[in-house]
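Scroll down for the structure; my scribbles are underneath it.
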Amino acid sequence: MQEKYCCVTCGTYANELSHHYKEGVIKIIHCKQCQNPVDPYIELDDLLVFIDFVLLKLRAHRHVLFNIDKIKYNHILKLSCALILVNAYIKWFHLKNDQYQSIINHDHHIFYALEYGFYSKLLESFFEYTIRFGFIFMIAIVQYRQTWTREKSILLFRALVLSSIGQLFVLPLLIWSPDHRDYYGLLICFIFTIFCHTQALIASQLFSSLISFLSSTIAILLSKYCVSLFSQNSFL
Ligand SMILES: [Zn+2]
């Protein structure tokens, strides 16, 4: 049987998380290596898992990455599209604020210009994520060379997309304070994403802790720098 699950405590691979007997009895499987339950999170509510994930607990990251069967590959693709759209919206929102007076005056030329602005920000956002993920993929391929497989690519993409959810937390900030630029919120989101990527890469067991941190930091800084070359606001 393929060992597709992972012990959240020590990272050892396992065949199953729980065993169902005929009488309706469910037995939690213990890890061969550390003797702890392979995944205690299967007994917890999704909200508690989410809180631990946001608190950057390695156990929660292992659970989300390996042990949730209901997160399929098409969900990951949809989430990646949502992240690009949200990132584009955040950039476009600040661009729109710059032209706020024109919106009040119902200037139709400006309105079309704003719509065009959204598409340009969407393209910008797509390039930002492509550079960020592409850089980390490049490091992984250089490190593994011939032993790099399609399964590792899917695992890495899943880790990177799931650990980019910090971007979604900026949306409430825009709703709560639409009149001014909340750069502190963006900065916190930026730092959170670096640590979240790091933790996800460590959980994926593809990189060491040091390479995970360095590649995450460099990938994000590089993507921001490349986008700043053809964008007015380099920070966003
Ligand atoms: Zn274990």
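Atoms within a ligand are numbered from 1 in the order they appear, just like the ligands themselves. Numbers for residues simply follow the sequence, beginning at 1.
Taking the ring centre of Phe66 as origin, the terminal cationic atom of Arg62 falls outside the region bounded by 6.0 Å and 45° from the ring axis.
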TODO: For His19 and Tyr21, run ring pair (Phe, Tyr, Trp, His ring centres under 6.0 Å): C-alpha distance rounded to whole Å, both residues' side-chain angles, the deciding distance at 0.1 Å, then the answer.
DONE: CA-CA 6 Å; His19 195 81; Tyr21 292 96; 4.9 Å; yes

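For Glu16 and Lys4, the salt-bridge test fails: no basic side-chain N is under 4.0 Å from an acidic carboxylate O.
Considering only residues two or more places apart in sequence or on other chains, Lys78 meets the salt bridge (Lys or Arg N to Asp or Glu O under 4.0 Å) condition with none of them.
Protein N, O or S atom count below 2.8 Å of the Zn ion (ligand 1): the structure gives 4.
The shortest side-chain heavy-atom distance between Glu43 and Ile28 falls under the 4.5 Å cut-off.
By the 30° and 60° cut-offs, the orientation of the rings of Phe137 relative to Phe157 is tilted.
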